[in-house]
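Letters go in sequence order (proteins before strands), and every chain restarts at 1.
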Amino acid sequence: MTDTTANQDNSHDLYAVRLQKLENLCKEDRNPFLANCAQTHTSAEAIKLYQEGSADEDQPRVAIAGRITVFRVMGKASFIKIQDRDGPIQCYVTRDELPEGEYNTYFKKLDLGDIIGVEGRLFKTKTGEITVRAECYTLVSKALRPLPEKWAGLTDDDKIYRQRYLDLIVNAESRQRFRQRSQIIKEMRKYLWERDFTEVETPMLQSVAGGAAARPFITHSNALDCQFYMRIALELYLKRMLVAGEDRVFEIGRVFRNEGLSRRHNPEFTMLELYQAYTDFRGMMELTQGLIQHVAKTVIGSLEIARPDGVVINLDGEWREAKYKDLIIEATGDAEWFTHDRGTKLEKARALNIEVNGELEDYEITNNVFEKIIEPTLIQPTFVTHIPRELCPLAKITQDDETTIDVFELCINGQEIAPAYSEQNDPIIQRKMFADQVGEEQQDMDTDFLNALEHGMPPAGGMGLGIDRLIILLTGAESIRDTILFPSLKPLNPSES
RNA sequence: GGGCCGUUAGCUCAAUCGGUAGAGCAGUUGACUUUUAAUCAAUUGGUUCGGGGUUCAAGUCCCCGACGGCCUACCA
């Protein structure tokens with residue numbers, strides 16, 4: 001029979017070639033997309049099963065399944081590698097061990113990227129690689145598009161983010177990083193569950209987006225006919241749980257901030273927030289240090305983390321504690337810094353080559369000094385304490401210093417990883433702090449939260465941890481986009497894609 | 001939002017002063033029963049991100065736009 005496409009050479013059209021193969025399979029009643037396939041072992045499990053010293057015929061038989069990533073046909077025998085969730089495993093396929101005609105007519109027409117199942121006994125090749133000798137194979141799922149190039153892989157950032165599945169197929173480090181992300185979150189939960197914390201879920205759609213000062217995403221409920229904000233923090237609902245009598249609560253979840261993107265910022269990111277009654281920010285210090293050390297130990301296997309540039313971050317031992325004021329005085333070399341008026345501070349900050357907006361408040365100028373010349377130098381873990389009260393309206397004021405709050409900012413790797421407070425539980429002071437803020441930051445006041453506080457909230461410590469940033473630190477990633485599977489990107493114009 | 005850089009075959013990359021768009025891998029055809037980036041032979045494949053301009057001639061120069069990266073701003 002004459003195929004209409006036979007006259008044209010579309011061997012260059014990788015998609016058309018594979019589509020043709022697919023059609024041919026269908027014509028021969030071979031389903032190229034099976035509903036299931038038996039898999040007795042993963043690649044790693046199978047390799048572990050190999051019995052050193054036993055004869056080939058006594059080796060265990062396995063059924064494995066995965067995507068073809070290497071395809072080396074050598075006449076009547078082929079070596080292929082198939083990759084499953086544990087990684088690659090080699091298979092050896094020969095013409096004479098498959099049913100008559102199968103090898104030449106079908107097996108050799110498989111493509112890189114196809115998903116197949118293979119059954120057979122293990123053996124070791126001349127060069128010592130544990131391999132499955134195929135007794136039979138099954139095409140499970142045909143791939144119509146080619147994989148990225150086999151050793152340069154996929155390097156285009158845009159493609160890596162937009163088609164993360166390709167990145168994960170091809171780049172083992174990427175796969176490893178996201179596995180670690182999952183492990184890190186799992187170990188966090190375990191650590192907190194062991195300390196009797198209850199995991200809760202609070203609203204992402206909120207009528208007042210409180211707990212931070214970021215711009216929210218706005219959405220609308222048709223049924224309730226009202227405006228909602230996507231949450232920018234977990235704080236105010238978790239504190240309601242303290243009022244409710246849940247003395248130890250935490251939530252791990254996505255928050256959304258309608259702000260700029262950068263190597264350290266994604267519009268949606270993942271926070272851990274936890275609140276523990278009858279402790280304070282000192283208790284949070286212990287808990288936070290313990291949590292991060294536990295995660296590093298169990299997931300990374302070490303408390304010494306080497307950054308891509310070789311700098312080693314040591315998470316072991318007691319972490320450094322430093323007062324905000326002392327750091328400012330040290331960095332500016334000006335013991336009188338806090339006695340200067342706003343204008344002098346502005347001048348002095350600019351003299352230090354810090355770009356400062358002239359409109360800023362007094363304390364904001366100082367905080368610019370902190371963020372621009374101190375924070376980047378805090379590579380080893382440092383709890384920065386005694387932070388000016390203006391910087392956070394939700395914390396307790398230090399007993400013997402009216403100007404500061406009982407807070408720490410944990411900085412590691414030159415960035416803020418986790419802030420924690422002794423939580424403000426005085427509804428009168430809280431209302432006043434909100435009112436002072438509402439004017440300048442244009443935040444709505446969450447009156448129901450204040451109402452909750454008026455019912456009495458136990459003294460508590462609270463902590464928030466940016467999980468994505470912790471993962472940057474622990475896995476040596478360069479960018480927050482390397483820690484988020486599908487980072488926010490501008491959609492492509494459909495006509496161009 | 002501002003500045004700089006980038007976008008060439010499915011993937012990774014070349015292309016001199018503005019002068020015929022190339023290579024490796026992948027694909028196709030053939031050889032090959034222990035390969036390891038398999039090898040050997042042959043071979044297909046281009047809207048050079050899109051649009052406009054300058055020029056005898058544009059991947060290359062100019063303008064506009066799209067997307068991305070880095071820096072910066074915003075994100076207490």
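Residue-level contact check: A:K124 touches neither bases nor backbone, having no heavy atom under 4.0 Å from any strand. When heavy atoms are screened at a 4.0 angstrom cut-off, A:V170 is found touching no nucleic acid atom at all. Within the 4.0 angstrom heavy-atom criterion, only backbone atoms of the sugar-phosphate kind lie near A:L154; the bases stay farther away. Residue contacts for A:Y161: at a heavy-atom cut-off of 4.0 Å it reaches the sugar-phosphate backbone alone, with no base atom in range. Residue A:N367 is classed as a sugar-phosphate contact, given heavy-atom separations below 4.0 Å to backbone atoms only. Note on A:F123: a base of the nucleic acid sits closer than 4.0 angstrom, heavy atoms only. Nucleic acid contact for A:L112: sugar-phosphate only, since backbone atoms but no base atoms lie under 4.0 Å from a heavy atom of the residue.
Aromatic rings from A:Y92 and A:F79 are positioned such that their centres are separated by under 6.0 Å. In this structure, the ring of A:F217 has its center no less than 6.0 angstrom from the ring center of A:Y229.
To the nearest whole angstrom, the two C1' atoms, one in B:U16 and one in B:G22, are 14 Å apart. To the nearest whole angstrom, the two C1' atoms, one in B:A15 and one in B:C32, are 37 Å apart. The gap from the C1' atom of B:G46 to that of B:U7 amounts to 15 Å, rounded to the nearest Å. Nucleotides B:G50 and B:A66 place their P atoms 15 Å apart, quoted to the nearest Å. A distance of about 31 Å separates the P atoms of B:U47 and B:C4, rounded to the whole Å. Remark: the separation of the C1' atoms in B:A58 and B:G51 is 15 Å, to the nearest Å. Taking atom C1' in both B:G6 and B:G59, the straight-line distance is 14 Å, to the nearest Å.
Not a single donor-acceptor contact under 3.5 angstrom links the side-chain atoms of A:T155 to the base of B:U12. Side-chain atoms of A:Q90 and base atoms of B:U35 include a donor and an acceptor less than 3.5 Å apart.
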Measure all distances between protein nitrogen or oxygen atoms and nitrogen or oxygen atoms of nucleotides 41-46 of chain B, and list the pairs falling under 3.5 Å.
{"from": "B:U44", "atom 1": "O2'", "to": "A:D9", "atom 2": "OD2", "distance (Å)": "3.0"}
{"from": "B:U44", "atom 1": "O2'", "to": "A:H12", "atom 2": "ND1", "distance (Å)": "3.4"}

List, with names and distances, any nitrogen or oxygen atoms from the protein found under 3.5 Å away from nitrogen or oxygen atoms belonging to nucleotides 20-25 of chain B.
{"from": "B:C25", "atom 1": "O3'", "to": "A:K150", "atom 2": "NZ", "distance (Å)": "3.4"}
{"from": "B:C25", "atom 1": "O2'", "to": "A:E149", "atom 2": "OE2", "distance (Å)": "3.4"}

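At the phosphate of B:C70, OP1 or OP2 sits under 4.0 Å from a side-chain N or O atom of A:R481. For the OP1/OP2 pair of B:U34 and a distance below 4.0 Å, the side-chain nitrogens and oxygens of A:K126 include no atom meeting the criterion. Checking the phosphate oxygens (OP1, OP2) of B:A73, a side-chain nitrogen or oxygen of A:K372 falls inside 4.0 Å. Close to B:C67, at under 4.0 Å from its OP1 or OP2, lies no side-chain N or O of A:R162. Side-chain N/O atoms of A:R145 include none lying less than 4.0 angstrom from OP1 or OP2 on B:A26.
When side chains are defined from C-beta on, A:I467 does not count as touching A:T483, because their heavy atoms never get closer than 4.5 Å. Proximity of A:Y161 to A:R164: side-chain heavy atoms (C-beta onward) are separated by under 4.5 Å at one or more points.
Remark on RNA chain B: of its neighbouring residues A:V70 and A:L391, the 5'-side contact belongs to A:V70, judged by nearest-heavy-atom nucleotide. If A:P148 and A:L360 are placed on RNA chain B by their nearest nucleotide, the residue sitting closer to the 5' end is A:P148.
Atom NZ of A:K159 and atom P of B:U7 are 12 Å apart (whole Å). Between A:I480 atom CD1 and B:C70 atom P there is a gap of 12 Å when expressed in whole angstrom units. Rounded to whole Å, the distance from NZ on A:K490 to P on B:G65 is 12 Å. Separating the CD1 atom of A:I169 from the P atom of B:G10 is a distance of 18 Å, rounded to the nearest angstrom.
Here the CD atom belonging to A:Q430 is positioned 8.0 Å from the CE atom belonging to A:M457, to the nearest 0.5 angstrom. Within the model, atoms CZ of A:R431 and CD1 of A:I428 stand 7.5 Å from one another, a figure rounded to the nearest 0.5 Å.
Screening residues 42-64 of chain A for ring-ring contact (aromatic ring centres under 6.0 Å, His included) gives no qualifying pairs among residues at least two apart or on separate chains. Applying the ring-ring contact (aromatic ring centres under 6.0 Å, His included) rule to pairs touching residues 126-148 of chain A yields A:F107-A:Y137, sequence neighbours excluded. Applying the side-chain hydrogen bond (donor to acceptor under 3.5 Å, both in side chains) rule to pairs touching residues 108-117 of chain A yields A:K21-A:D111, A:N104-A:K108, A:D111-A:K142, A:D114-A:K142, sequence neighbours excluded.
A:R264 places no side-chain N or O within 3.5 Å of a backbone atom of A:R469 that could act as its donor or acceptor partner.
In B:C17 the O4'-C1'-N dihedral to the base is within 90° of 0, which defines a syn nucleotide.
Scanning all heavy atoms of the two residues, the minimum distance from A:P267 to A:S488 falls at CD-OG, 3.5 Å.
Residue A:F370 forms a ring pair (Phe, Tyr, Trp, His ring centres under 6.0 Å) with just one option from A:Y363, A:Y324, A:W337, and that option is A:Y324.
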*Nucleotide pairing, RNA chain B (Watson-Crick or G-U, distances under 3.5 Å), in dot-bracket with [ ] and |*: (((((((..((((.....[..)))).(((((.......))))).....(((((..]....))))))))))))....

